[in-house]
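A short worksheet on the structure shown next.
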Amino acid sequence: MLDIISIASVTIALPSILRDVKYEPNQLQWVGDLFGHRRVFLTGTSWFAVWSLVCGFARDPIFMSVSRGLQGAGAGFTIPSALALLTTSYPPGPERTFALSMFGGAACIGQTIGVLLGGIFDATIGWYWIFYITSIISALLCFLGFFVISKANDDVHTTDRRVDVVGVVSFMLGIIAIVYYLSESTTVGWGSAQTLAPFLVGVALLIFFVFWERRIDYPIMPFRIWGSVRFRASVVVIICVTATYNTMIFFTSLTFQNVLKYSPLITACCYIVHGVGLVIGLYTVTRLFPYMRTKFIMLIGWIFIIISSVVFAQIVPGASYWHFAFPALIVNCLGLSPTWMCCQVNAVADAPDEDQGVVGAVFNVAIQLGGPIGLAISTILSQAFEPAVGAEGAALMSGYRAAFYTFGVIGGVGWVLSLLLASNQDPIEFSGVAPEKEEGDAQEKGLEVVDESQISGADEGKAELEDDEDEKKEVKRGGSSVSVAHTVIA
């Protein structure tokens, strides 16, 4: 939740941050398995606290960018380890499913709290308090986590603690280069050497990463995790989910402030209904799992997301919030909550405990990739439909409307991918019954499960047969001895 608060609050306060930090206008745009998830979580929260505090003092664009990136490294530790702590603390079954729904619900609550804090602080005591508050909260979480989280979560099953430094560096730099290309090319050009060169380097680094991971025996991302159909589908679909979500948040925020002329505080309040609706939706979705396949739930959710994009596009200058924005936000949360939740629970469903951290990390990378991809595509089309460079007010709505339709098209792509890639069978724990681990694993793999009573009966029968054979051998040996005795006497 803390990471979502940080992201959402900054989104609302972006105009003020850009002005005070002196950004240019066109810049608007797995370790826990080795060292213990508790230890990594505490390290991540403390790191996040330190760099959140540093971000609050930033008044230079380079200083802010570097500090924000280092702050994100803390989130990179906390999100996968927090997910792994949940999945390893709760056995497969309704309890784990409910815990994962609360994990997703916390993210939604963080989104609502984030936009509210961003609007309130930007309008009153200053945007930099966004970072001060997240620093305080993170420090408190680290302190409480030290006493609350069981030290058993520091126990690791592997004795080989070598860190794949080459893999980490190549993957991280490759992803950063591609995200940079997606973010900056909308302003400097897709064929510009400023962005194209880093993009090519990033692609080369990711190709090298795949080659390297297949050659070493201690990879940071073991390729066995991709053997799960549910995991592969969840990673692909969540990219589309976050692409639509980030595009919606970004362009509705611009629409509220630049077209409808709402203040940052009023803009923040506009999202309350969305956050509350997401929490209710996530809780409801977990109740549907025993009765409906997650694939079907996702397909229904995508339809609501697509409908919301069309409703958002109907906003016109001077329109009331209640005419289009309010119903669109409600419809959107009805679609976002089931698609996000189904991706999250399916991503970790097949992973053993020792792989939960890396699965959570890869899933988190997919979440982070969706935002830049969605914003890059929507920004291109938005700029193509803007009447003129430097347009203001009502003139901006034509570009924003194109962006809203764009995230609807991305939603259509997500619907097709869900239909083609998502598994037609759900994990057995989604049925609402907590299975025995061995039996559940065997059924998931298509193996025959033998009743223990049958095994016990078979063992007893085998023992009886062995006893009979022993008796026969004794009789035979006894008969032979008698024959020899008769011969000697004779």
Side-chain angles (χ1 to χ4, degrees), residues 3 29-37 39-41 43-44 47-48 51 62 65-81 83-84 156 158 160-185 190-228 231-232 234-236 238-239 242-243 347-348 351 354-376:
D3 306 308
Q29 305 270 350
W30 355 97
V31 179
D33 294 323
L34 295 178
F35 300 102
H37 300 300
R39 189 177 294 114
V40 173
F41 178 81
T43 301
W47 180 276
F48 192 90
W51 288 103
I62 297 178
S65 298
V66 173
S67 301
R68 189 73 167 149
L70 291 171
Q71 181 196 33
F77 281 115
T78 58
I79 294 177
S81 57
L83 186 59
V156 293
T158 179
D160 186 358
R161 295 192 179 184
R162 291 176 293 175
V163 177
D164 178 18
V165 178
V166 175
V168 171
V169 173
S170 60
F171 184 79
M172 179 182 66
L173 294 179
I175 291 295
I176 290 174
I178 290 177
V179 171
Y180 174 78
Y181 177 74
L182 293 173
S183 302
E184 296 297 318
S185 293
W190 295 95
S192 171
Q194 178 181 339
T195 55
L196 187 59
F199 173 75
L200 295 176
V201 172
V203 172
L205 285 171
L206 292 181
I207 294 174
F208 169 78
F209 170 78
V210 173
F211 172 78
W212 176 259
E213 295 296 284
R214 288 186 176 277
R215 288 182 60 88
I216 62 174
D217 55 0
Y218 55 99
I220 191 66
M221 188 182 70
F223 281 88
R224 63 176 178 270
I225 65 175
W226 297 101
S228 168
F231 177 69
R232 293 198 304 267
S234 297
V235 168
V236 174
I238 198 64
I239 291 176
T242 54
V348 299
E354 61 269 19
D355 287 340
Q356 289 291 339
V358 68
V359 165
V362 174
F363 187 71
N364 182 52
V365 169
I367 290 175
Q368 303 303 324
L369 276 179
I373 292 174
L375 287 175

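In this chain, residues are counted from 1 in sequence order.
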Separation between [atom1] of [X] and [atom2] of [Y], rounded to the nearest 0.5 Å:
{"X": "L369", "Y": "I238", "atom1": "CG", "atom2": "CD1", "answer": "12.0 Å"}
{"X": "L205", "Y": "L200", "atom1": "CG", "atom2": "CG", "answer": "11.0 Å"}
{"X": "Y180", "Y": "Q194", "atom1": "OH", "atom2": "CD", "answer": "4.0 Å"}
{"X": "L196", "Y": "Y181", "atom1": "CG", "atom2": "OH", "answer": "5.5 Å"}

[X] to [Y] - nearest heavy-atom pair and separation:
{"X": "W226", "Y": "R232", "value": "O-NH1, 2.6 Å"}
{"X": "V359", "Y": "A351", "value": "CG2-CB, 3.7 Å"}
{"X": "S234", "Y": "F363", "value": "O-CE1, 4.0 Å"}
{"X": "L182", "Y": "A376", "value": "O-CB, 3.2 Å"}
{"X": "V235", "Y": "I239", "value": "O-CG1, 3.3 Å"}
{"X": "A177", "Y": "P198", "value": "CB-O, 3.2 Å"}

Would you check, one step at a time, whether the test side chain to side chain contact (heavy atoms under 4.5 Å, CB included) holds for F199 with V203?
CA-CA 6 Å; F199 173 75; V203 172; 3.8 Å; yes
Test side-chain contact (heavy atoms from CB on, under 4.5 Å), reference E213, set F171, F208, F223, Y218, output is F223
Heavy-atom check, side chain of L206 versus side chain of I178, under 4.5 Å
yes
